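The next block holds one structure in the form of structure tokens; read it before the comments.
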Amino acid sequence: ADMTTWARAAQNIADEQTDVADTTDVADPSDRAVVAWVGYTTPGPQDVLLMAKAKEGGKRLADSIRGFSAVRGTDDVQTNVVAHSYGTTAGAVALAERGVHVDRFVALGSAGLPDGLDDAQQLHADQVFAAQAKDGPTGNTGEGDEWATFGREKSFGHHVDPTAQSFGATVFGADGGTGSEGQTLSSVLHHAPVFKDHRGYLDRGTESLHNVALATTGQDELLTGTRSQ
């Protein structure tokens, strides 16, 4: 019904990728594209703790990735999936399917990956990254991520935390810090991807978005708060 949030989030990623590429030798910005993919019916409060929508969305995303790979053929193209909240659940379903491959998978504020996917190597991604802002009181916005941990712990079938050391993803910071060029980066204070105070996971000026841009342009060594799990 409303693509405004995801159009803005996609634009923010594209802009931040351009910013972090200004002083590096990574690919020219004109060689990149960011797609806001909403190819399934996202869950409401009544089914966000269940797996049905993730399975539906995951199969459709897998088809999209396979189709993109088929169209590009032998072109030297890198493909990343940046997923948020329940999107990480659906994204993990997609990346566990046969015939699907991406260069990087980034999970933000995960509502939980499917039970049984206990290791990043089970995903068909060359690199897996994850981040979650500090826990905020459940349902109270403005004090941290108020829903991610609740979504995992109360779920029926998607309990896996991609930021857990045992999972094996590269975990980067989302709680504020100093960026790769010495700039001050804001902490994420909401579960939302973008928010009116610009403190969502994909808002400009946040540590989270800065790290997403670095991760998806192959600049892992500049990630802030990074720790190999």
Side-chain angles (χ1 to χ4, degrees), residues 1 5-6 9 36-65 81-98 100 102 104-125 128-175 188-195 199-202 208 212 227 229:
T5 293
W6 292 109
W37 189 91
V38 183
Y40 73 113
T41 303
T42 54
Q46 71 280 6
D47 49 14
V48 72
L49 299 179
L50 307 177
M51 279 296 299
K53 298 292 186 182
K55 291 178 180 178
E56 171 194 339
K59 290 185 180 300
R60 293 187 179 186
L61 178 58
D63 286 342
S64 292
I65 295 171
V81 172
V82 178
H84 167 264
S85 190
Y86 194 83
T88 69
T89 316
V93 170
L95 295 179
E97 287 207 6
R98 290 186 177 182
V100 175
V102 298
R104 306 173 189 93
F105 176 55
V106 182
L108 302 173
S110 178
L113 306 191
D115 293 352
L117 279 175
D118 301 316
D119 192 305
Q121 294 185 5
Q122 293 176 258
L123 300 174
H124 298 145
V128 179
F129 300 88
Q132 182 179 320
K134 67 178 182 180
D135 283 327
T138 302
N140 293 347
T141 190
E143 300 179 57
D145 190 321
E146 70 275 28
W147 289 116
T149 298
F150 176 88
R152 292 192 301 270
E153 292 181 350
K154 302 299 183 182
S155 75
F156 298 89
H158 51 91
H159 296 93
V160 177
D161 181 0
T163 67
Q165 183 174 1
S166 59
F167 186 70
T170 297
V171 180
F172 57 71
D175 291 321
V188 171
L189 297 180
H190 312 277
H191 181 65
V194 296
F195 204 78
R199 303 292 284 273
Y201 279 98
L202 294 173
S208 173
V212 167
R227 52 193 176 96
Q229 299 295 316

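None of these values were measured; they are calculated from a predicted model.
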Query - Pairwise side-chain hydrogen bond (donor to acceptor under 3.5 Å, both in side chains) hits with a residue in residues 52-62, at least two apart - result: none

Query raised in the report: If you round to the nearest 0.5 Å, how far is CD of Glu146 from CG of Leu189?
Result: 10.0 Å

Report task. Work out which heavy atom in Ala174 is nearest to a heavy atom in Ala131; give both atom names and the distance. Result -> CB-CB, 4.5 Å

Report summary line: In short, Pro162 meets Ala169 closest at the heavy-atom pair O-CB, 3.5 Å

Report task. Answer yes or no: is there a side-chain heavy-atom contact under 4.5 Å between Pro114 and Val93? Result -> yes

Query raised in the report: Counting heavy atoms not belonging to Gln46, are there more than 12 under 6.0 Å from its CD?
Result: yes

**Report entry** Contact check, side chains of Thr163 and Ser110, non-hydrogen atoms, under 4.5 Å
**Finding:** no

Report task. Working to the nearest 0.5 Å, report the span between CZ of Phe167 and CG of Leu123. Result -> 5.0 Å

Query raised in the report: With the threshold set at 4.0 Å, does a side-chain nitrogen-carboxylate oxygen contact exist between Asp161 and Arg152?
Result: yes

Report task. For the pair Phe172 and Val106, evaluate side-chain contact (heavy atoms from CB on, under 4.5 Å) and give the outcome as yes or no after the intermediate values. Result -> CA-CA 10 Å; Phe172 57 71; Val106 182; 3.9 Å; yes

Query - Leu117 side chain near Leu95 side chain, heavy-atom distance below 4.5 Å - result: no

Query raised in the report: Can any side-chain N or O of Gln122 pair as donor or acceptor with the backbone N or O of Gly116 at less than 3.5 Å?
Result: yes

Query raised in the report: Is there a donor-acceptor pair under 3.5 Å between the side chain of Tyr86 and the backbone N or O of Ala54?
Result: yes

Query - Residues His190, Tyr201; criterion side-chain contact (heavy atoms from CB on, under 4.5 Å); working and verdict - result: CA-CA 8 Å; His190 312 277; Tyr201 279 98; over 6 Å; no

Requested in this report: Let me see the working for Val188 and Asp145 under side-chain contact (heavy atoms from CB on, under 4.5 Å), right down to the final yes or no.
Outcome: CA-CA 7 Å; Val188 171; Asp145 190 321; 5.9 Å; no

Query raised in the report: CG/Asp115 to CZ/Phe156 distance, rounded to the nearest 0.5 angstrom?
Result: 11.5 Å

Report summary line: By ring pair (Phe, Tyr, Trp, His ring centres under 6.0 Å), Phe150 pairs with (sequence neighbours left out) Trp147

Report task. State which residues pass ring pair (Phe, Tyr, Trp, His ring centres under 6.0 Å) with Phe105; sequence neighbours excluded, sorted by chain then number. Result -> none

Requested in this report: State the OG1-CZ distance between Thr141 and Arg199, to the nearest 0.5 angstrom.
Outcome: 11.5 Å

Report task. Check whether any side-chain N or O of Ser208 sits under 3.5 Å from a backbone N or O of Leu202 as a donor-acceptor pair, and report yes or no. Result -> no

Report task. Let me see the working for His158 and Thr88 under side-chain contact (heavy atoms from CB on, under 4.5 Å), right down to the final yes or no. Result -> CA-CA 10 Å; His158 51 91; Thr88 69; over 6 Å; no

Report summary line: To the nearest 0.5 Å, atom OG1 of Thr89 lies from atom CG of Leu49 at 10.0 Å

Report summary line: In this structure, NE2 of His124 is separated from CD1 of Ile65 (nearest 0.5 Å) by 11.5 Å

Query raised in the report: Would you call His191 and His84 a side-chain contact if the rule is heavy atoms closer than 4.5 Å?
Result: yes

